[in-house]
Protein chains: 2
Amino acid sequence: MTTDHVFAALASPARRRLLRLLLDEGAQPAGRLAVRFDMSRPSVSEHLKVLKDAGLVAEARKGRERHYRLEAGPLMEISEWLTPYERFWRERLSALSSLLDEMDDLDPDDQRDARGPDGSDDLNGRNGEQPHV
Amino acid sequence: MTTDHVFAALASPARRRLLRLLLDEGAQPAGRLAVRFDMSRPSVSEHLKVLKDAGLVAEARKGRERHYRLEAGPLMEISEWLTPYERFWRERLSALSSLLDEMDDLDPDDQRDARGPDGSDDLNGRNGEQPHV
DNA sequence: TTGATATGTAGGAAATTTCCTACATATAGT
DNA sequence: ACTATATGTAGGAAATTTCCTACATATCAA
């Protein structure tokens with residue numbers, strides 16, 4: 001149930017789809033989930049096991065069925081991991097949108113070069129020095 | 001550069017650490033990144049390639065060095081994928097916090113059972129019917 | 001030009017993942 | 001007790017991933 005497990009579990013499209021099904025349709029027995037997949041039932045069962053080990057689903061025995069339900073908690077770890085990058089992509093987005101705004105202000109047929117005066121790349125996207133260790 | 005590639009790229013702890021280094025310290029040549037790892041330089045180079053194929057880093061040749069910089073854009077896809085689950089874990093969290101609030105209101109030595117009257121599980125955590133197909 | 005530096009790629013071993021076909025187990029129904 | 005249903009597990013094949021040691025390529029510095 002570590003962060004590693006969660007990231008690894010999400011690496012599989014089949015497993016992400018399982019989570020989505022549980023989110024959209026609520027808890028379900030393994031078999032009902034399995035028939036949706038173009039894959040053998042035991043394989044789906046193993047994917048469920050990976051999700052369970054990552055803490056992303058929980059099972060409850062109901063008679064001879066086992067109902068799996070979504071356990072979204074561990075996804076918070078992904079969200080938290082993502083947080084520090086958010087600022088970064090927002091900067092890029094706002095840079096892009098202001099660039100588009102500028103272009104709107106010009107004659108639509110008279111744009112040629114939106115780069116800086118020196119034509120350089122600004123590798124860091126912030127035009128400043130970096131630690132470099 | 002599909003969503004699949006992005007999720008797969010993040011599945012490796014080494015690659016997540018590479019992204020973090022680029023975020024914290026800015027763009028750097030491959031070699032400077034590699035020495036931080038307990039792994040051969042060519043292996044780190046291959047991880048960088050996986051990240052590049054996922055669109056998570058970009059490279060710029062500077063003389064005999066290649067500087068890699070973070071490209072956070074594709075992480076938005078992860079964030080968007082996560083969105084519908086957010087509501088779900090927030091509900092659980094607020095349920096937990098209100099439970100804790102209730103417990104605060106009681107005599108700290110007189111709590112025994114916080115389950116529903118029927119002792120059932122409420123598998124969906126919302127006490128309601130579900131589509132079930 | 002020569003030699004050192006910075007990197008990517010080739011080729012392959014080892015580990016892991018993915019998926020399948022039996023097969024074992026447990027529960028429902030008759 | 002017997003049979004059908006719902007699932008997990010065992011064992012193994014095939015594909016993928018991870019990592020390493022050469023080795024090839026390009027650039028910088030004398």
Side-chain angles (χ1 to χ4, degrees), chain A residues 1-19 21-22 25-69 121 123 130 132-133, chain B residues 2-19 21-22 25-69 121 123 132-133:
Chain A
M1 356 148 199
T2 69
T3 303
D4 268 24
H5 291 349
V6 182
F7 271 108
L10 297 183
S12 155
R15 288 192 289 267
R16 289 200 302 278
R17 191 170 155 220
L18 279 168
L19 294 179
L21 286 171
L22 293 177
E25 307 175 0
Q28 297 176 50
R32 189 194 301 276
L33 290 165
V35 293
R36 312 285 210 92
F37 289 78
D38 192 26
M39 179 191 314
S40 77
R41 183 195 52 75
S43 295
V44 174
S45 187
E46 282 172 9
H47 281 301
L48 283 169
K49 179 175 185 172
V50 173
L51 289 172
K52 197 177 83 175
D53 290 345
L56 287 165
V57 304
E59 75 180 24
R61 309 190 174 196
K62 298 277 180 176
R64 57 185 159 182
E65 304 181 326
R66 293 198 192 182
H67 286 58
Y68 286 88
R69 74 154 181 273
D121 274 349
L123 198 57
Q130 57 227 278
H132 251 10
V133 155
Chain B
T2 70
T3 304
D4 268 24
H5 290 347
V6 182
F7 271 108
L10 296 184
S12 154
R15 289 193 289 266
R16 290 199 303 279
R17 192 170 154 220
L18 278 169
L19 294 179
L21 285 172
L22 293 178
E25 307 175 0
Q28 297 176 48
R32 191 196 299 278
L33 290 165
V35 293
R36 314 284 210 91
F37 289 77
D38 193 25
M39 180 191 313
S40 78
R41 183 194 53 73
S43 294
V44 174
S45 187
E46 282 173 7
H47 281 301
L48 284 169
K49 180 176 185 171
V50 173
L51 290 171
K52 196 177 84 175
D53 291 345
L56 288 166
V57 304
E59 75 182 22
R61 308 190 176 195
K62 298 278 179 176
R64 57 185 158 181
E65 304 182 325
R66 293 196 192 183
H67 285 58
Y68 285 89
R69 74 154 182 274
D121 273 350
L123 196 57
H132 249 8
V133 156

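First the proteins, then the strands, lettered A, B, ... as listed; each starts at 1. These numbers come from a predicted model, not from an experiment.
Minimum atom distance to the side chain of B:H47 is reached by D:dC19, of the listed C:dT9, D:dT7, D:dC19. Closest to the side chain of B:E65, from the set D:dC19, C:dT7, D:dT18, is C:dT7. Considering only side-chain atoms of B:R41, the nucleotide from C:dA22, C:dT7, D:dC20 that sits closest is C:dT7. Closest to the side chain of B:P42, out of D:dT7, D:dC19, D:dA22, is D:dA22. For A:R66, whose side chain is taken as the heavy atoms from C-beta onward, the closest listed nucleotide among D:dC28, C:dT9, D:dT7 is D:dT7. Distance from the side chain of B:S45 is smallest to C:dG8 among D:dG8, D:dT9, C:dG8.
Among the protein residues, A:R61 comes within range of no part of the nucleic acid, since none of its heavy atoms lies under 4.0 Å from any strand.
One finds no side-chain N or O of B:Y68 lying less than 4.0 angstrom from the OP1 or OP2 phosphate oxygen of C:dA6. For the OP1/OP2 pair of D:dC20 and a distance below 4.0 Å, the side-chain nitrogens and oxygens of B:S40 include at least one atom meeting the criterion. The phosphate of D:dT18 (OP1 or OP2) has no side-chain N or O of B:S43 nearer than 4.0 angstrom.
At a cut-off of 3.5 angstrom, counting only N and O atoms as typed in the model, there is no donor on one side facing an acceptor on the other between the side-chain of A:R64 and the base of C:dG29.
Shortest non-hydrogen contact noted between B:A11 and A:A11 is CB-CB, 3.8 Å.
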